[in-house]
Amino acid sequence: MLLTAHSMTQHTLPTDKKAFIFDLDGVLVDTATFHYQAWKRLANSLGFDFTWQQNEKLKGVSRQQSLEYLLDWGNVDLPSTEKQRLAARKNDWYLELVAGMTHWDVLPGAFRLLRAAQAKGIRTALGSASKNAQLILAHTRTAECFDAVIDGNSVSRSKPHPEVFLNAARALDVPVSDCLVFEDAQAGIEAAIAAGMQVVGIGHPADLKGADMVVPGLVDLTL
Ligand code: B16
Ligand code: MG
């Protein structure tokens, strides 16, 4: 089933799932833009540019791995201590942008879908690569929406490895075939498939190959 939706169209989710696992950046909140701004600032400080298209490849990818890609694109070779310093600097700039986030920054349709899932007894988890996930949940007052939170601090291998989603299914005590993942990144789609889960892509079909369904946003989904 591959569906391409327009924002005026509502698409009904499968009714047989027992758990929903949500990615954070780009699905529940628009922090992908903040990551882009912070990586661009770092690239520019090193003397090269960084495009939206390149940013697409960093979605769902860990901070350290993202830095490796960035330095590669800029043809910059540095010792690992300097790389750690740069990753920390990017994160500081990112956190400056995150600091202003509130409840109002939760993307349209997210609260409605989370509430509908809870009303139907569907368990919910966060499955994010971000080490800042708890901070963002606190800023947006969304922590209580989830039965389990798995983030970049609780996994050793980042997407496209399935660890984050497998850990979420285990934490919820739901078999993988009963889990549905919501993801905005190609690496996340691949992670969900590798975990044996169905996955709804959030964004453009061209960026989300292999998703069972693609919609522009959570607001386009009905349960
Ligand atoms: P941090 P997600 C991912 O979050 C982002 O998509 C990706 O751009 C970022 O590099 C990664 O988290 C690590 O984030 O630097 O905050 O630890 O989409 O998996 O929720
Ligand atoms: Mg994401």
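Values below: all heavy atoms of this structure, side chains included; hydrogens, waters and symmetry mates excluded. Order of appearance sets the numbers: ligands from 1, and atoms from 1 within every ligand. Count residues from 1 along the sequence.
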What part of [X], side chain, backbone, both or neither, has a heavy atom within less than 4.0 angstrom of ligand 1?
{"X": "Val61", "value": "backbone"}
{"X": "Leu58", "value": "backbone"}
{"X": "Ser128", "value": "both"}

Does an N or O from [X], backbone or side chain, lie closer than 3.5 Å to an N or O of ligand 1?
{"X": "Arg63", "result": "yes"}
{"X": "Trp39", "result": "no"}
{"X": "Lys159", "result": "yes"}
{"X": "Lys131", "result": "yes"}
{"X": "Gly127", "result": "no"}
{"X": "Glu183", "result": "no"}

Checklist entry - Side chains of Arg41 and Asn44: donor-acceptor distance under 3.5 Å anywhere? => result no

Next on the checklist: Below 30° counts as parallel, above 60° as perpendicular, anything between as tilted: where do the rings of Tyr94 and His35 land?
Outcome noted: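 Aromatic pair Tyr94/His35 classed parallel.
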
Item to check | Parallel, tilted or perpendicular: rings of Phe182 and Phe20 (30°, 60°) | outcome: perpendicular

Would you check if [X] and [Y] make a side-chain contact, meaning some heavy-atom pair closer than 4.5 Å?
{"X": "Leu13", "Y": "Gln198", "value": "no"}
{"X": "Leu70", "Y": "Phe48", "value": "yes"}
{"X": "Glu190", "Y": "Ile193", "value": "no"}

Considering only distance and modelled atom types, tabulate donor-acceptor pairs under 3.5 Å from the side chains of residues 101-112, sequence neighbours left out.
from, atom 1, to, atom 2, distance (Å)
Thr102, OG1, Trp104, N, 3.0
His103, ND1, Thr140, O, 3.1
Asp105, OD2, Thr102, N, 2.8
Arg112, NH1, Leu221, O, 3.2
Arg112, NH2, Val219, O, 3.2
Arg112, NH2, Leu221, O, 3.1

Considering only heavy atoms of [X], which atoms of ligand 1 have at least one such atom less than 4.0 Å away?
{"X": "Lys59", "answer": "6 (O), 8 (O)"}
{"X": "Leu24", "answer": "20 (O)"}
{"X": "Ser66", "answer": "10 (O)"}

Checklist entry - Does Glu68 have any side-chain hydrogen bond (donor to acceptor under 3.5 Å, both in side chains) partners at least two apart in sequence or in another chain, and if so, which? => result Lys83

Checklist entry - Can you tell me how far CG of Leu180 sits from OG1 of Thr124, rounded to the nearest 0.5 angstrom? => result 12.5 Å

Checking a contact table here: which protein heavy atom is nearest [atom], and how many Å away?
{"atom": "atom 6 (O) of ligand 1", "result": "Gly60 N, 2.8 Å"}
{"atom": "atom 5 (C) of ligand 1", "result": "Asp25 OD2, 3.2 Å"}
{"atom": "atom 14 (O) of ligand 1", "result": "Ser130 CA, 3.4 Å"}
{"atom": "atom 18 (O) of ligand 1", "result": "Asp23 OD1, 2.8 Å"}

Checklist entry - Does ligand 1 have any atom sitting under 4.0 Å from a heavy atom of Gly152? => result no

Checklist entry - For ligand 1, is Gly26 a contact, meaning one of its heavy atoms is under 4.0 Å away? => result no

Checklist entry - Angle subtended at the Mg ion (ligand 2) by OD2 of Asp23 and OD1 of Asp184, to 10 degrees? => result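 That angle is 90°.
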
Checklist entry - Would you call Asp23 and Lys159 a salt bridge, taking side-chain N to carboxylate O under 4.0 Å as the test? => result yes

Next on the checklist: Please tell me whether Phe34 and Leu86 are part of a single hydrophobic cluster in this structure, the criterion being side-chain heavy atoms less than 4.5 Å apart.
Outcome noted: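 Shared cluster, no.
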
Checklist outcome for this item: The atom name of the N, O or S atom in Asp25 nearest to the Mg ion (ligand 2) is O

Checklist entry - For Pro205 and Val214, which heavy atoms make the closest approach, and how far apart are they? => result N-CG1, 3.7 Å

